[in-house]
2 protein chains.
Amino acid sequence: MVNQLKNIFLFSHMSEEELSHLASIVKLRSFNNGETLFYEGTPSDKLYILLDGVLKGYKTDMKENEIVLHYFYPVSLVAEMANLHHIPFPATAEFQTDGSILEVDYHTFERDFLKNPTVSFGLIKSLTQKLKYLEDIITTRLALDATSRVAKFLYENGDISDSTKRHKIATILGLTPETLSRSFKKIKILGLISDEGKNFTILNREGLKELFS
Amino acid sequence: MVNQLKNIFLFSHMSEEELSHLASIVKLRSFNNGETLFYEGTPSDKLYILLDGVLKGYKTDMKENEIVLHYFYPVSLVAEMANLHHIPFPATAEFQTDGSILEVDYHTFERDFLKNPTVSFGLIKSLTQKLKYLEDIITTRLALDATSRVAKFLYENGDISDSTKRHKIATILGLTPETLSRSFKKIKILGLISDEGKNFTILNREGLKELFS
DNA sequence: TTAAAAATTTGATTTATATCAATGAAGCTG
DNA sequence: CAGCTTCATTGATATAAATCAAATTTTTAA
């Protein structure tokens, strides 16, 4: 366990002694695809560090639609904001693949480790990264219309390959698959992308940018 | 200046020596109502601390509508996320009253002060507070419909007095004044609020909660 | 290889809220 | 306190995207 901890950016500078103390308040848990790590509104006393797999963070709206906030990839801190403010988790986290997390008792962690500059610096980085994600969601979902969102997605993510399901793109952008399809069509008619079978190739990246800025 | 700095939570634990070094990289600036502190997209090399007045942070959508992210009240750090990640300001900041800010050269600040635990802890607090604001905007604006948003606003802000302009409430909630008016009416018909002239009194707070959760 | 299931596209309709337009009420100013 | 201006309400219409429905394409699996 100590060796595993040492490989996590947040703890890489700790002494052997600190690491073994940390190991004592940490639990490794495995999850299957589809399992839920925590639900929105649940009180939080654990800090989670995603070690393996893909984790989807989402809220649910009034019509039971998912609002996807973020896909987490390893190694990420998850929902540290809830811990720092002692508030319930603001979103639900569900595994999209098999995976594993490190579960840390937050109370002890705060008391014994948060004063460590490396740890607090890692925390600041993680928090600012999350702020950027949320800023981006607000920009995308509140300031742009459907076609602009799709143009932004294409601009930022490059050619769309076969393997990326339209349905997944639609939920990331907060659109229905029907609307996504119609937006792709518009952008194709504008000559900004071309459509070879299932894949899209970007023909005019600057033109795409024009659509959302 | 040193005495002024000592009153700011972030710097309250600094030594006289540190404070006078800080004072040397800091500039006090005054603004009039309506003036803009910075624009969305501008590169950021200054950290701002709001000392007086009310500052509105907002983005602009495709139809030139404002999306209000937050009203800042003193004493607040402003847009520290942009500095930490060396990215342009993600929103525009405009004074809503006369006010003043402390302008800190970020590069020097990071080098000389960010390792100070009190400073980094203050930064973490400020960042998590902002995350909560953004989470709340997403919950409110993406997951709730117009009437639910108004119910949530009433639940969280209590009775609405005369002095709060409907127009301002509407921009906070991302609604037009017309839609806000119609939502107030619905909630009134449900018997959850009563309407004496210009003011609203809450009659059934739990009923309001029911509407948005 | 073919049938069944899933995903995508296309068209028609609905819905929520914005926009446009008009009226009414409140607040301010000379 | 009369008239102007701003703010709020109400009604009618427009609009973007969701929903519903069906057809088509792709993927999966037998």
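Numbers restart at 1 for each chain; the letters A, B, ... are given by sequence-line order, proteins then strands.
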If the cut-off is 4.0 Å, is B/Thr176 near the phosphate of C/dA18, judged by side-chain N/O to OP1 or OP2?
yes

Computed from five pairs at either end and rounded to 10 degrees, the angle between the axes of the helix from C/dT1-D/dA30 to C/dG30-D/dC1 is 40°

If the condition is side-chain contact (heavy atoms from CB on, under 4.5 Å), which residues does [X] pass it with, not counting sequence neighbours?
X        : answer
B/Lys209 : B/Tyr155, B/Glu206, B/Phe212, B/Ser213
A/Asn32  : A/Glu35, A/Asp98
B/Asn65  : B/Asp61, B/Lys63

Measure from the side-chain heavy atoms of A/Leu175 and tell me the nearest of D/dA18, C/dT17, D/dA16.
D/dA18

Quick one, B/Met62 and A/Ser148 - any side-chain contact, counting heavy atoms below 4.5 Å?
yes

Quick check: do A/Leu211 and A/Leu192 have side-chain heavy atoms less than 4.5 Å from each other?
yes

I need the [atom1]-[atom2] distance between [X] and [N], as an integer number of Å.
X        : N      : atom1 : atom2 : result
A/Asp145 : C/dA16 : CG    : C1'   : 17 Å
A/Met62  : D/dT19 : CE    : P     : 14 Å
A/Asn65  : D/dC20 : CG    : P     : 11 Å
A/Glu64  : D/dT19 : CD    : P     : 12 Å
A/Leu144 : D/dA16 : CG    : P     : 15 Å
A/Leu173 : D/dA18 : CG    : C1'   : 16 Å

For residues 134-141 of chain A, which residues have at least one heavy atom under 4.0 Å from DNA chain C?
none

Excluding sequence neighbours, so at least two apart, what forms ring pair (Phe, Tyr, Trp, His ring centres under 6.0 Å) with [X]?
X        : result
A/Phe11  : none
B/Phe38  : B/Tyr48, B/Phe89
B/Phe31  : B/Phe95
B/Phe184 : B/Phe200

Extract all donor-acceptor atom pairs below 3.5 Å that involve side chains of residues 127-143 of chain B and protein atoms in other chains or at least two apart in sequence.
unit_1, atom_1, unit_2, atom_2, d
B/Thr128, OG1, A/His85, NE2, 2.6
B/Thr128, OG1, B/Ile124, O, 3.1
B/Thr128, OG1, B/Lys125, O, 2.9
B/Lys130, NZ, B/Leu77, O, 2.9
B/Lys130, NZ, B/Glu80, OE1, 3.1
B/Lys130, NZ, B/Glu80, OE2, 3.0
B/Lys130, NZ, B/Ser126, OG, 3.4
B/Asp136, OD1, B/Lys152, NZ, 2.7
B/Thr139, OG1, A/Lys59, NZ, 2.8
B/Thr139, OG1, B/Glu135, O, 2.9
B/Thr140, OG1, B/Asp136, O, 2.8
B/Thr140, OG1, B/Lys152, NZ, 2.9
B/Arg141, NH1, B/Ile172, O, 2.8

Return a single string for nucleotides 6-13 of chain C, one symbol per nucleotide in 5' to 3' order, where B is base contact, S is sugar-phosphate-only contact and - is none, cutoff 4.0 angstrom on heavy atoms.
-SSSBBB-

Pairs touching residues 176-189 of chain B that satisfy salt bridge (charged side-chain N to carboxylate O under 4.0 Å, His left out), sequence neighbours left out
B/Lys188-B/Asp195

